[in-house]
Structure formats: structure tokens, C-alpha cells
> 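My questions will all concern the structure given below.
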Amino acid sequence: HQNWGMKEWDRDFMAMKQIGIDTVVMIRCGLEKFITYPSEILLKERGAYNPPVDLVEMFLQLAEKHDMKYFFGTYVGQRNWGAKEVDFTEEIKFDQRIAAEVWEKYGRRYSSFAGWYLAKEIGCKHAGVVEEFVKLGSFCKKISGDLPVMISPGMLGRKAFLSGDPEARDLDFERHRQDWDDIMGTISGCVDIVAFQDGHVSFDELPEVLKLNKTLADKHGLECWTNSETFDRD
């Protein structure tokens, strides 16, 4: 799929629509130097590689053609956002500039631009990322007329760790409840949808943790979706 053009993606959108998918989410517009659209900011300031195809515009056009909603995924400047040297103040400002560039370039032109996806993923409390959820989420909503904002966090279960990791363990339900009760209370109003990745916990833990996630989301006025992972971590 990384080498697909309009014809191949058109078939894929058609197939998704036929089986009932109404929303497509591009989980990030770029990772370090690899980007999905010709961003003037990223090309000039991050030395990004100029993409041969503008995938953002292509996906927006196909979403309009097939009457689907498109969520734009924000930029990820580095893979390890848990590193101590990350300056989240500057990172948030930079990510806001990318969001503003995208909204001016595409958001005002395409009715299929239906929401935002904040690309960072966490499994528990992380002060810097939660601050970004609040500041970047509220910024995206402000510039776009309150379009919804989504995140897709992981869960610190057995499958979140590498196979054979001695630290691998089942989900600590109480820690999960406390952390996400606090996180959701903080991000409410800046984030609208929380779609937990379901592939990090054991299969027999899923019913209980899905109920817990829904209870917490209801408490804080958030939509609760599930990111049903279709690859195998076992």
C-alpha cells in the first residue's frame, strides 16, 4: 500500500464503504522526515523528504467521492516522545503550526475533513503528552469550528511488552482506572473521542477493561471507541 496511487486507493475506499466503514483516520501526517503532504514548514525546518504524492489531498478527495469522513493525524517529530530531553513547550507550538498549515491548505476546501487525530500514544499518565492533548486538541478545535478530536491510547497489558520481556504482566486494572480517570478529566473538552487499542491486553481481560473504559468515558463526557487491532501480538 505504500506505493499505491489514486486508482488503488479508490478501490480500497470503495471496499471500505461497501462493508460499512464511514470514517478513515490517517494516524499521522509525518514521522520525522517522512511526510504525507508537501508541508512548507516540515520541508524547510525539519529537512523532510518531499513526498511524490500528496496523500492528504488524495484521501480527502476519495473520502468526498465515497461520502466518508476523514480524520487528519498530527505530526510526530520523533519516535521516543518519552525521552527526558523532549521540550514539550516547543513541540506543542510546532505541532500547532502544522495543524494551522493543514487547516488552511485543506480543511477549508474539503467537506470530508471531519476531525483530528492526535498522533501520540500513551498507556498511562505522561504529563507532557497529556498537556499536548489539551493544548493541541483545543487549538485544533478552535481553528476548525469545533471539529472532533480523537486519541488512541494503548493499555499497559501483557502484549504491550516485547515477547519474553521479564516485565511483561497482565493489566493493572486499578492503576489503569486511576490514571485514565485523571487523564480523561484533564482532557475533557479538548478531546472528544478516546479509542483504546485493544491489542495490548490478554483476550480474557478484554470484557472487563472495555467496560471500565466505557464507564470512565461516560463519566467525563467522552465518546468511547475501540481500536480493534487486526494484527496478531501473540
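Predicted, not measured: the structure shown is a model, and the values here were computed from it. Atoms considered below: every heavy atom in the structure, side chains included; atoms not considered: hydrogens, waters and symmetry mates.
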> Show me the donor-acceptor pairs within less than 3.5 Å that the side chains of residues 14-25 make with the rest of the protein, sequence neighbours left out.
{"unit_1": "Lys17", "atom_1": "NZ", "unit_2": "Asp67", "atom_2": "O", "d": "3.1"}

> Look at the side chain of Ser188 and the backbone N and O of Gly185, then say whether any donor-acceptor pair between them is shorter than 3.5 Å.
no
> Measure from the side-chain N and O atoms of His200 to the backbone N and O of Met155, and report whether any donor-acceptor pair falls under 3.5 Å.
yes
> Taking the inter-plane angle between the rings of Trp180 and His176 on a 0 to 90° scale, is it parallel (under 30°), tilted (30 to 60°) or perpendicular (over 60°)?
tilted
> Run the ring-centre check on Trp103 versus Phe113 and record whether the distance is less than 6.0 Å.
yes
> Can you find a pair of side-chain heavy atoms, one from Pro38 and one from Asp54, that are under 4.5 Å apart?
yes
> Under the side chain to side chain donor-acceptor pair (under 3.5 Å) rule, what pairs show up with a residue in residues 41-53, not counting sequence neighbours?
Glu45-Arg97
> Side chains of Val209 and Phe173: closer than 4.5 Å at any heavy-atom pair?
yes
> Do Ser202 and Arg158 have side chains that get closer than 4.5 Å, going by heavy atoms?
yes
> To the nearest 0.5 Å, what is the distance between CZ (Arg28) and OG1 (Thr36)?
10.0 Å
> Could you see if Ile143 belongs to whatever hydrophobic cluster contains Val134? Use Ile, Leu, Val, Met, Phe, Trp, Tyr and a side-chain cutoff under 4.5 Å.
yes
> Using the rule that Ile, Leu, Val, Met, Phe, Trp and Tyr join whenever any side-chain heavy atoms are under 4.5 Å apart, tell me whether Val130 and Phe94 fall into a single cluster.
yes
> Thr74 and Trp116: side-chain donor and acceptor closer than 3.5 Å?
no
> Is there a side-chain contact between Phe196 and Val201 (heavy atoms, below 4.5 Å)?
no
> If you take all heavy atoms of Ala114 and Leu147, which pair is closest and at what distance?
O-CD2, 3.9 Å
> Partners of Glu223 by salt bridge (charged side-chain N to carboxylate O under 4.0 Å, His left out), sequence neighbours excluded?
none
> Under 6.0 Å between ring centres: does that hold for Trp9 and Phe59?
yes
> Should Ile151 and Tyr117 be marked as a side chain to side chain contact (heavy atoms under 4.5 Å, CB included) after you check the CA-CA gap, both sets of side-chain angles, and the distance that decides it?
CA-CA 6 Å; Ile151 61 172; Tyr117 175 85; 5.7 Å; no
> Side-chain contact test, heavy atoms from C-beta onward, threshold under 4.5 Å: evaluate it for Leu136 versus Leu118 and give yes or no.
yes
> Is there a chain of hydrophobic side chains (I, L, V, M, F, W, Y, each step under 4.5 Å between heavy atoms) that links Leu210 to Met150?
no
> Quick check: are there more than 12 heavy atoms from other residues, nucleotides or ligands sitting under 6.0 Å from CD of Glu174?
yes
> Rounded to the nearest 0.5 Å, what separates atom CZ in Phe88 from atom CD in Glu131?
8.5 Å
> Got Phe72 and Val56 here, is their nearest side-chain heavy-atom distance under 4.5 Å?
yes
> Rounded to the nearest 0.5 Å, what's the gap from NZ on Lys125 to CG on Asp182? Could you check?
4.5 Å
> Could Lys93 and Phe139 be counted as a cation-pi pair, given that NZ or CZ must be under 6.0 Å from the ring centre and within 45° of the axis?
no
> Ignoring hydrogens and angles, tell me if any N or O in the side chain of Ser112 forms a donor-acceptor pair with the backbone of Tyr70 under 3.5 Å.
no
> Please confirm whether the backbone N or O of Leu171 pairs with a side-chain atom of Glu205, one donor and one acceptor, at under 3.5 Å?
yes
> Less than 4.5 Å apart, side chain to side chain, heavy atoms only: is that true for Tyr37 and Met26?
no
> State the NZ-SG distance between Lys135 and Cys190, to the nearest 0.5 angstrom.
11.0 Å
> Between Glu91 and Lys120, does any side-chain N to carboxylate O distance fall below 4.0 Å?
yes
> Would you please name every residue forming a salt bridge (charged side-chain N to carboxylate O under 4.0 Å, His left out) with Asp12, sequence neighbours left out?
none
> Are Trp225 and Ile183 grouped together when hydrophobic residues (ILVMFWY) are joined by side-chain heavy atoms under 4.5 angstrom apart?
no
> Please test Asn227 against Ser152 for side-chain hydrogen bond (donor to acceptor under 3.5 Å, both in side chains), starting from the C-alpha separation and ending with a verdict.
CA-CA 7 Å; Asn227 179 347; Ser152 186; 3.0 Å; yes
> Would you please test Ile98 and Cys29 for side chain to side chain contact (heavy atoms under 4.5 Å, CB included) and show each step?
CA-CA 9 Å; Ile98 298 297; Cys29 68; 4.1 Å; yes
> Closest heavy-atom contact between Cys124 and Asp179?
CB-OD2, 3.0 Å
> Between Ser39 and Glu101, does any side-chain donor sit less than 3.5 Å from a side-chain acceptor?
yes
> For Tyr75 and Leu42, indicate whether the former's side chain and the latter's backbone hold a donor-acceptor pair under 3.5 Å.
no
> Under the side chain to side chain contact (heavy atoms under 4.5 Å, CB included) criterion, do Leu62 and Met6 qualify, and how do the steps go?
CA-CA 8 Å; Leu62 290 172; Met6 177 68 83; 3.5 Å; yes
> Side chains of Val194 and Asn213, heavy atoms from C-beta outward: is any pair under 4.5 Å?
no
> Spell out, yes or no, whether Phe133 and Leu156 are grouped together once hydrophobic residues are joined by side-chain heavy atoms under 4.5 Å, including indirect joins.
no
> At what distance, to the nearest 0.5 angstrom, does OG1 of Thr215 lie from CG of Asp181?
10.5 Å
> Salt bridge (Lys or Arg N to Asp or Glu O under 4.0 Å): which pairs involve residues 185-200, sequence neighbours left out?
Lys141-Asp192
> What's the spacing between Leu216 CG and Gln178 CD if we round to 0.5 Å?
11.0 Å
> Has the side chain of Glu32 got a donor or acceptor atom that lies under 3.5 Å from a matching backbone atom of Val76?
no
> Do any pairs count as a salt bridge (Lys or Arg N to Asp or Glu O under 4.0 Å) and have a residue in residues 102-113, sequence neighbours left out, and if so which ones?
Glu57-Arg109, Glu104-Arg108
> Under a 3.5 Å distance rule, please check whether Glu8 uses its side chain to pair with a backbone N or O of Gly5 as donor and acceptor.
yes
